[in-house]
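The first residue of the sequence shown is numbered 1, and numbering continues consecutively from there.
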Amino acid sequence: MEKMEKSCSLLIHFDKGTPALANEIKEALEANDVAAKVDALKKAIMLLLNGETLPQLFITIVRYVLPSEDHTIQKLLLLYLEIIDKTDSRGRVLPEMILICQNLRNNLQHPNEYIRGVTLRFLCRLNETEIIEPLIPSVLANLEHRHPFIRRNAILAVMSIFKLPQGEQLLVDAPEMIERALASEQDPSAKRNAFLMLFTCAQDRAVNYLLTHVDSVSDWGEMLQMIVLELIRKVCRTNRGEKGKYIKIIISLLNAPSTAVVYECAGTLVSLSSAPTAIRAAANTYCQLLLSQSDNNVKLIVLDRLNELKTSHREIMVELIMDVLRALSSPNLDIRRKTIDIALELITPRNVDEVVLTLKKEVVKTQSTELEKNGEYRQMLVQAIHSCAIKFPEVASTVVHLLMDFLGDNNVASAIDVVIFVREIIETNPKLRVSIITRLLDTFYQIRAARVCSCALWIIGEYCLSLSEVESGIATIKQCLGELPFFTVIEDSDTAAAPKPSQQVTSITVSSRRPAILADGTYATQSAASETAIPPPTLVQGTLSSPGNLRSLILTGDFFLGAVVACTLTKLILRLEEVQSSKAEVNKATTQALLILVSMLQLGQSSYLPHPIDNDSSDRIVLCIRLLCNTGDEVRKVWLQSCRESFVKMLADKQFRETQEIKAKAQISHAQPDDLIDFYHLKSRKGMSQLELEDEVQDDLKRATGEFTKDGDDANRLNRILQLTGFSDPVYAEAYVTVHHYDIVLDVTVINRTKETLQNLCLELATMGDLKLVERPQNYTLAPESSKQIRANIKVSSTETGVIFGNIVYETSNVLERNVVVLNDIHIDIMDYISPATCADVAFRTMWAEFEWENKVAVNTVIQDEKEFLDHIIKSTNMKCLTAPSALDGECGFLAANLYAKSVFGEDALVNVSIEKQSDGKLSGYIRIRSKTQGIALSLGDKITLKQKGSS
């Protein structure tokens, strides 16, 4: 096995050496050339770091390198001394190490400050007491040196020596000396190191010094203030009753000039106190940092902290919603998205008007400025305003007309969001119906996207109720369709009439002609309308040439839109029969509508379009023609009432689901019947500040509501313990696996089951997949029948399923060879990285079309009920079903549902379940998985394949 790496400040890859190279290094070290010695020392250090021993160089270095006065050589020498083995296999210091003690002592007394400083820093990384002990007087003498560089490193050296196993015997009065040095020290770095030493080794002295100098803490340097905050957190974590003494210090540091100190202060304040005054001060600090810092990463981190405050202290964050919204001035889209998400959950009836006004101003800004992602930002704003209007319908009137200007937006996704918003508002706000319909009819010609046109036509068909509205709706559709027919049949004996100057041309005929025999026996040619002219052209008259109107969309072959036009005209004609008293006017409108529908059918059946009309659209248009020719009362009720009732039901179902999600997110906490409750009003209030009194109240409330109760599930913890070796192995090992976002922590318990001492015991691990070991565990000595806790950290870079494997290697005193115990593999489950999430149906379809990786899994299960199988897949994959429960009701033998989840790395996982019940009762179909990355698609597919057969 390769030698384990030692702790070292220099890690550089270098190829393995050869005996010839070692001789070259030795010769260079013996030469008088300083540059050659530097180069030779570097090569020696890199060879040692890569496993070479080079024992023959030590004496050469002692003789020829130690006496050198060159600073570079002295620095490299200390690195060399740091990485060489200083002890034998039994842990005793090698005799030759005595040779370097005198050199180190000389360096500690050297007149050059740099030599002294780097030598003191080197002593911080020495663990051999026999080497350090003779140097202690020289180290202590440097505590009073005139140069701060030496004093600050001398303090660190004293702290490192005191922390050694025998350090307290070597430096009995070290804390007292450092405390005296701290009292007289003026250098900020040295003062920080001295306070750190007291904090680490004599906490009571550090606390006493802090409380003695409370009034001057705000004048201390940034580094020392950071250590003070760390001390306060540590003290209050062990004794929460002490926090009253330190809250004043933290609040005074909120005005420190250093932004790092201010940020840490706010975090410390939130962790120690739940008093409204403290939380408000922390939230204000975060808001100031959000506006003052230009680094986008800092802004995102601060927004995360504000989001955490929003979860636990929503009432206080509501007061600061406008301060949070000022972060929208940042051009970064991620910052804007997080800001809007936080603000939407802080909206109340009191602040909704201000929030919506701010969002409206941002929408207007997207029109006046040309930025790269303006369309995407506008879409976010539209969705946010939509959410506000649904929660508080009274604000809809202030925004709906502004947003309708974006129905013709080039960003189709933004336009779709606007039209969906309009559709929902016109139903939930009946008072706005007339103004919305009027505005929609006026701006309908601007719409360019077919999907937006379809939704707008549905609104026109459902909500045009009065005579004038119905007539305007019919006229608008006719105007956007242009003059009929969509294509013409031109006889050879005739010539095409030239268009009049007042008329515009929207369609032309294709130049290639096919002969056709008419009913009277004459020959004719047939030509189809097209947007591009191929000479010689045959022109067909039209009315509009806008690229976004209905005519141009239908001429491209979009017959689904044509079917929507047919249904809208049918609804308008049926409603016209109810509101129009003149039978002649109704008949005229019906005739014109029938002419439009028949023209669309003729265009779809023409052989000159690249794709003929599809059967569904054709059947829909034919159905509309039949209804206009013969209408019954039942059919009229279905078309004029049932469609709208279904839409109302869909909105109610959507609102119910959103309410259920909010309830599920709400924190459920229970207090035990025998929990201790402190009666705040019966307590003595002597010497307590207002902040402490508030804190006591909040703690009592939390205790009463059970917020302090830890909800850790012991059963789940036991499920994460994995046995790595057998019970009969000389070394028993088991691991507790903790998955935390980007990290996996293995807490491995190793038990020596033999009667012998195990030496150089090492846990060797390796990984497969996108897992990476952060560090290798060190060698340990394990006494007979004793145990050891070993922790290994592993970084995760994707959601791909990974495997951790390895072995335990150890030596015994009786056997020279190393023994190996092979460990069981640890499989990291994809379920640890994905969590249920929600997204809009439009966003789901967009991602489904964009994502390139698909994994198709055939259904193979013993479950015979469709809904039971769907629930089993949802539970097994830890995903959320986006399909409404009402859409899954009923027994029809078919089921289709969309599932969605998001990984901790921000990856989207889309799943479509399509199953059918066969005649024999078994289920068949496919589960399709799509994602942007290959790893999540494959891993999720493997998980579904493994789990779908089970019933639990």
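Y780 places no side-chain N or O within 3.5 Å of a backbone atom of Q789 that could act as its donor or acceptor partner. Proximity of a side-chain donor or acceptor of K788 to a complementary backbone N or O of N752 within less than 3.5 Å is not detected.
Residue pairs meeting the ring pair (Phe, Tyr, Trp, His ring centres under 6.0 Å) criterion with at least one member in residues 141-194: none, sequence neighbours excluded. Annotation: side-chain hydrogen bond (donor to acceptor under 3.5 Å, both in side chains) contacts involving residues 182-195, sequence neighbours excluded, comprise R151-E185, R152-D187. Each salt bridge (charged side-chain N to carboxylate O under 4.0 Å, His left out) pair with one or both residues in residues 158-177, not counting sequence neighbours, appears once here: E176-R205.
Nearest heavy-atom pair, G117 versus I150, reported as atom, atom and distance to 0.1 Å: N-CG1, 4.5 Å. Between L210 and V228, the closest heavy-atom pair is CD1-CG1, 3.7 Å. Pairing each heavy atom of T781 with each of N760, the nearest pair is OG1-N, 4.4 Å. Heavy-atom minimum distance, P175 versus L198: O-CD2, 3.6 Å. Contact between V139 and A157 at its shortest, heavy atoms only, is CG1-CB, 4.1 Å. Contact detail for L269 and A278: the closest heavy-atom pair is CD2-O, 3.3 Å.
Counting only heavy atoms from C-beta outward, the side chains of E734 and L722 never approach each other to under 4.5 Å. Between N112 and H71, the closest side-chain pair of non-hydrogen atoms falls below 4.5 Å. I744 places none of its side-chain heavy atoms less than 4.5 Å from the side chain of T738. Proximity of E230 to T268: side-chain heavy atoms (C-beta onward) are nowhere separated by under 4.5 Å. A 4.5 Å side-chain heavy-atom check between M226 and M223 finds every atom pair outside the cut-off. In this structure, F122 and L104 have side chains that are in contact, with non-hydrogen atoms separated by less than 4.5 Å. Counting heavy atoms from C-beta on, the side chains of I131 and C101 come closer than 4.5 Å. At a threshold of 4.5 Å between non-hydrogen side-chain atoms, the residues T259 and Q293 count as touching.
Side chains of R105 and S138: a donor-acceptor N/O pair is absent below 3.5 angstrom, by distance only. A donor-acceptor contact closer than 3.5 angstrom links the side chains of N142 and R116. In this structure, a donor-acceptor pair under 3.5 Å is absent between the side chains of K299 and N296.
Here L325 contributes atom CG and I340 contributes atom CD1; the two are 8.0 Å apart, rounded to the nearest 0.5 Å. Atom CG of L135 is separated from atom CD of Q109 by 9.5 Å, given to the nearest 0.5 angstrom. Between Q225 atom CD and L253 atom CG the span is 5.0 Å, to the nearest 0.5 Å. Interatomic distance, CD of E133 versus CD of Q166, reported as 8.5 Å (0.5 Å rounding). Atom CG of L48 and atom CG of D85 lie 9.0 Å apart (nearest 0.5 Å). Rounding to the nearest 0.5 Å places CG of L126 at 6.0 Å from CG of L123.
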Could you go through the side-chain contact (heavy atoms from CB on, under 4.5 Å) check for L120 and C124 one step at a time? CA-CA 7 Å; L120 286 166; C124 296; over 6 Å; no
Assess the residue pair R314 and V318 against the criterion (side-chain contact (heavy atoms from CB on, under 4.5 Å)); give the C-alpha distance rounded to whole Å, side-chain angles, the decisive distance to 0.1 Å, and a yes or no. CA-CA 6 Å; R314 184 178 183 275; V318 164; 4.0 Å; yes
Does T119 form a side-chain contact (heavy atoms from CB on, under 4.5 Å) with N153? I'd like the steps, not just the answer. CA-CA 9 Å; T119 306; N153 284 295; over 6 Å; no
Before you tell me yes or no, could you show the steps for S273 and I279 under side-chain contact (heavy atoms from CB on, under 4.5 Å), namely the whole-Å CA-CA distance, both residues' side-chain angles and the distance that decides it to 0.1 Å? CA-CA 7 Å; S273 175; I279 300 302; 5.9 Å; no
E113 and R146: salt bridge (Lys or Arg N to Asp or Glu O under 4.0 Å), yes or no, with the steps? CA-CA 10 Å; E113 290 87 356; R146 60 179 178 80; 2.7 Å; yes
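Heavy-atom neighbours of R326 CZ from other residues, nucleotides or ligands within 6.0 Å: at or below the threshold of 12.
Listed by chain and number, the residues in a ring pair (Phe, Tyr, Trp, His ring centres under 6.0 Å) with H213 are Y209 (sequence neighbours excluded). In terms of the salt bridge (Lys or Arg N to Asp or Glu O under 4.0 Å) criterion, residue partners of R280 (sequence neighbours excluded) are, by chain and number, E319. Remark: E144 engages no residue in a salt bridge (Lys or Arg N to Asp or Glu O under 4.0 Å) (not counting sequence neighbours).
Using a cut-off of 4.0 Å between Lys/Arg side-chain N and Asp/Glu carboxylate O, D334 and R337 are scored as salt-bridged. Classification of E264 and R233 as a salt-bridged pair holds, one side-chain N sitting under 4.0 Å from a carboxylate O.
The residue from L346, L344, T339 that alone fulfils the side chain to side chain contact (heavy atoms under 4.5 Å, CB included) condition with I342 is L346.
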